[in-house]
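Proteins get letters first, then strands, A, B, ... in listed order; numbering begins at 1 in each. A quick note: this is a predicted structure, and the numbers were derived from the prediction, not measured.
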There are 2 protein chains.
Amino acid sequence: MTKTLEIRDLAIGDLARRTDTKVQTIRYYEEIGLLPPPTRTEGNQRVYGESSLRRLAFIRHARDLGFSIDAIRELLKLSDHPDLPCDDADGIARRHLDEVEDRITRLRALRKELKRMLAEHRDHGGRIADCKVIEVLSDHGLCKHAH
Amino acid sequence: MTKTLEIRDLAIGDLARRTDTKVQTIRYYEEIGLLPPPTRTEGNQRVYGESSLRRLAFIRHARDLGFSIDAIRELLKLSDHPDLPCDDADGIARRHLDEVEDRITRLRALRKELKRMLAEHRDHGGRIADCKVIEVLSDHGLCKHAH
DNA sequence: CTTGAAGCTCCAGTGGCTTCAGGTTCCATG
DNA sequence: CATGGAACCTGAAGCCACTGGAGCTTCAAG
């Protein structure tokens, strides 16, 4: 039950380093309302705490995984309003769960193919006989909007 | 051993529909060299075959999964040049495999959390008691560039 | 031979940053 | 306590990966 000591009073640059984000990107996220405006010092400089760090880390991971800003806004809404009317929250979570499942499936297929290529490569001493990356991710069965 | 009958002579609109892509996006991909310029009709209209269909479907899936155009260019290079010097191909494949593994890990974490939320939601009759989507994807251990 | 859908090129606009310019604040060192 | 360089500030322009619109041509069903 050791209470993790809180991280506080991070300058924008510290936050940037810890989340592998550009300083300007942080200011941009504030501008578009993804990050709440933090408190400022006397000299008007932004000061962040742990919650900003977590929130920003989440945003970066989600962006990196291909979620749009709007999708992220929705996911954050789940966090920000735990007492959201149930249908909304349920709908948002369910919709994103489907999308996540879908992405995992496609990434698995790509992973399998990349592994196969590396393995064959070793076996055949330096040549990729037949690369099927395209086949594997062009599979129509995996298309969201196909039928 | 039934030979799949080849799809040929698709107009740009057909290709767009089959890959859930905008017509303009297809032309844009041609412009930046992701798709080879197809043959044209007498009247100067683009005509595509099966390989374009596969290639474009691949590109779309990869973009959707958050790969950059440059990463996709590299993956396509594996397909386009099966006789690539081994170190190049191996490096490309290995690098992207690592990235793919990483993405799968993070998506799994997010999936787990979304599932948990939906389950608790059902149990508690309409309220999301504590939403941890942020915690789950802000985990520092999952950061590519953290240490 | 008409007519309307779909194609063509060129160019401007958008989302999500990124870079630049021209300043102000902070703080380690002399 | 003065100072100089790193880090901060705002505001605006630029860039990538599309997206949409204008104005025109081609195609194919009737």
Quick one: which protein N/O atoms are closer than 3.5 Å to N/O atoms of nucleotides 17-21 of chain C? Pair and distance per line, please.
{"from": "C/dC17", "atom 1": "OP2", "to": "A/Tyr29", "atom 2": "OH", "distance (Å)": "3.1"}
{"from": "C/dC17", "atom 1": "OP2", "to": "A/Arg63", "atom 2": "NE", "distance (Å)": "2.7"}
{"from": "C/dT18", "atom 1": "OP2", "to": "A/Thr25", "atom 2": "OG1", "distance (Å)": "2.9"}

Quick one: which protein N/O atoms are closer than 3.5 Å to N/O atoms of nucleotides 4-6 of chain D? Pair and distance per line, please.
none

Check the interface with nucleotides 27-30 of chain D: list each N/O to N/O pair with the protein under 3.5 Å, or write none.
{"from": "D/dC27", "atom 1": "OP1", "to": "B/Gly43", "atom 2": "N", "distance (Å)": "3.3"}

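In this structure, B/Arg103 is positioned above the aromatic face of B/Phe67, its NZ or CZ under 6.0 Å from the six-membered ring centre and within 45° of the axis.
Contact annotation for B/Arg40: backbone-only contact, meaning every heavy-atom pair under 4.0 Å involves sugar-phosphate atoms and none involves a base.
A distance of 11.5 Å separates CD of A/Glu50 from CG of A/Leu15, quoted to the nearest 0.5 Å.
Counted by atom type alone, A/Arg60 and A/Tyr29 present one or more donor-acceptor pairs between their side chains at under 3.5 Å.
The side chain of B/Arg46 contributes an N or O atom lying less than 4.0 Å from OP1 or OP2 of C/dT9.
By the 4.0 Å N-to-carboxylate-O rule, A/Asp80 lies too far from A/Lys77 to be salt-bridged with it. Salt-bridge check for B/Arg73 with B/Asp70: passed, with a basic side-chain N closer than 4.0 Å to an acidic carboxylate O. Note on A/Arg95 versus A/Asp98: no salt bridge recorded, every NZ/NE/NH1/NH2 to OD/OE distance being 4.0 Å or above. A salt bridge between B/Arg106 and B/Asp102 is present, with a side-chain N of the basic residue lying under 4.0 Å from a carboxylate O of the acidic one.
Residue A/Glu30 contributes atom CD, which lies 15 Å from atom C1' of D/dG11 at whole-angstrom precision.
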